[in-house]
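Here is how names work: the chains are called A, B, and so on, in the same order as the sequence lines, proteins then strands, and each is numbered from 1.
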2 protein chains.
Amino acid sequence: MAQAYVDVQKVKSARKALLNPETITSLSEIFKVLGDPTRLKIVLAVAHAELCVQDLASLLSISESAISHQMRVLKTLRLVKQRRDGKMAYYSLDDEHIEDLIRVATRHISEL
Amino acid sequence: MAQAYVDVQKVKSARKALLNPETITSLSEIFKVLGDPTRLKIVLAVAHAELCVQDLASLLSISESAISHQMRVLKTLRLVKQRRDGKMAYYSLDDEHIEDLIRVATRHISEL
DNA sequence: ATGATGATTGAACATCTGTTCATATATAAT
DNA sequence: ATTATATATGAACAGATGTTCAATCATCAT
């Protein structure tokens, strides 16, 4: 059972150190979106070149539908932007910070 | 259907820009682990102070069992380290990069 | 207008995830 | 030895997630 505190002071100060709920939510959303290998690959790909749905599907070997579903997620989170050209939809990165984020994370895993 | 390429060259060069599979896996694992609000809060808390399971449970208002399960995940990914002191298990951050990662991400969301 | 093509959407599905509950392990105190 | 306490583990469950398939929408070419 034990719904008690071992060290009340530490918990109190840790609680203050915790970011506010909205920030926590936004942060975990960003991390979560990059936490799926498919989406991470998409982000890396469109960071390198503006690509259409078909080519992303070919590149990642999944259906165009799956790509489209994921692009909606990425667009909602404002990680990518869309350019329309006739029938085609071209996607590219809409965020410089994301590359920093990936860079920092890459440095992290290379030091294990 | 259309299992074809629109722009073969672009796909080819995008494929090269893609990191190798192991890196992709490791990266998405790191992001995924921070992509859950509970784990993110745990990481923020133990980055601030060394805490035991009970106090983490109190802080986040979930069961000690749930904390314990998550600590195992975080320990496996080497994000936190454990110190034993009698019956107690004290956890603290085992990675400086993680704080950088959260910092960069925080900057990102503050600019929306 | 008709057909073809690229993209999107919705439903369905299997799989994964995070939590709780019950139980087990480990240490400490009596 | 027994009891109490802190943590860990395993099973079970509900809810979320990522994909495919089928259908739809939008644009282009004939």
Side-chain angles (χ1 to χ4, degrees), chain A residues 1-7 10-11 24-25 28-43 46 50-77 80-92, chain B residues 1-8 10-11 24-25 28-43 46 50-77 79-92:
Chain A
M1 194 152 290
Q3 187 51 269
Y5 299 96
V6 171
D7 188 330
K10 255 203 294 193
V11 177
I24 295 282
T25 303
S28 54
E29 269 175 359
I30 287 293
F31 286 129
K32 181 185 240 173
V33 86
L34 297 173
D36 173 66
T38 300
R39 281 192 297 263
L40 182 58
K41 285 182 217 165
I42 292 175
V43 168
V46 301
E50 188 189 51
L51 291 165
C52 66
V53 174
Q54 274 185 89
D55 282 352
L56 281 167
S58 302
L59 179 59
L60 304 193
S61 305
I62 57 174
S63 71
E64 298 170 25
S65 174
I67 294 288
S68 201
H69 279 297
Q70 297 293 12
M71 296 325 277
R72 185 158 50 86
V73 175
L74 292 170
K75 216 166 57 174
T76 303
L77 270 279
V80 305
K81 58 169 178 275
Q82 188 190 32
R83 179 175 68 88
R84 275 245 163 229
D85 183 12
K87 296 186 278 191
M88 317 290 286
Y90 288 99
Y91 288 95
S92 57
Chain B
M1 194 149 291
Q3 186 52 270
Y5 298 96
V6 170
D7 188 329
V8 192
K10 256 204 294 194
V11 176
I24 295 281
T25 302
S28 54
E29 268 176 359
I30 286 293
F31 286 129
K32 182 185 239 174
V33 86
L34 296 173
D36 174 66
T38 299
R39 281 190 298 261
L40 182 57
K41 285 181 217 166
I42 292 175
V43 168
V46 301
E50 188 189 51
L51 290 165
C52 65
V53 174
Q54 274 186 88
D55 281 352
L56 281 166
S58 301
L59 179 59
L60 305 193
S61 305
I62 58 175
S63 72
E64 297 170 26
S65 173
I67 294 288
S68 200
H69 279 298
Q70 296 295 11
M71 296 326 277
R72 185 159 48 89
V73 175
L74 292 170
K75 217 167 56 172
T76 304
L77 271 277
L79 295 199
V80 304
K81 59 169 176 281
Q82 188 190 31
R83 177 175 69 86
R84 274 246 166 228
D85 181 13
K87 296 188 275 191
M88 317 289 287
Y90 287 99
Y91 289 96
S92 56

Strictly below 4.0 Å, heavy-atom distances to any atom of DNA chain D: list the hits from residues 68-75 of chain A, or just say none.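 Output list: A:H69, A:Q70.
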Using the side-chain heavy atoms of A:S63, tell me which of these nucleotides is nearest: C:dT8, D:dT17, D:dT20.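 Selected nucleotide: D:dT20.
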Nearest-nucleotide pick for B:S65, side chain only, options being D:dT7, C:dA22, C:dT9: C:dA22
Tell me whether the side-chain N/O atoms of A:Q82 come closer than 4.0 Å to OP1 or OP2 in C:dT8.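 Yes, A:Q82 has a side-chain N/O under 4.0 Å of OP1/OP2 on C:dT8.
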Does a side-chain N or O of B:K32 approach OP1 or OP2 of C:dT17 to a distance below 4.0 Å, or not? yes
Using a heavy-atom cut-off of 4.0 Å across all strands, would you classify B:Y91 as base, sugar-phosphate, or nothing? sugar-phosphate
Please classify the nucleic acid contact of A:A89 as base, sugar-phosphate, or nothing, using heavy-atom distances under 4.0 Å.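 Touches sugar-phosphate only.
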How many Å lie between [atom1] on [X] and [atom2] on [N], as a whole number?
X: B:I62; N: C:dT20; atom1: CD1; atom2: C1'; value: 11 Å
X: B:D55; N: D:dT5; atom1: CG; atom2: C1'; value: 14 Å
X: B:L56; N: C:dG18; atom1: CG; atom2: C1'; value: 16 Å
X: A:I42; N: D:dG18; atom1: CD1; atom2: P; value: 11 Å
X: A:L60; N: D:dT19; atom1: CG; atom2: C1'; value: 13 Å
X: A:D36; N: C:dT15; atom1: CG; atom2: C1'; value: 13 Å
X: B:F31; N: C:dT17; atom1: CZ; atom2: P; value: 17 Å

Could you pull out all residues at least two apart from [X] that satisfy side-chain contact (heavy atoms from CB on, under 4.5 Å)?
X: B:V6; result: A:C52, A:Q54, A:D55, A:M88, A:Y90
X: A:K81; result: A:S92, A:D94
X: B:S63; result: B:S65, B:A66
X: B:V80; result: B:V46, B:M71, B:L74, B:K75, B:Y91

Both A:S61 and B:V53 contact DNA chain D. Which one's nearest nucleotide lies toward the 5' end? B:V53
Any side-chain heavy-atom pair from A:H69 and A:R72 closer than 4.5 angstrom?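 A:H69 vs A:R72: side chains touch.
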Per-nucleotide protein contact string for nucleotides 24-30 of chain C, where B marks a base within reach and S marks sugar-phosphate only (heavy atoms under 4.0 Å, - for neither): ---BS--
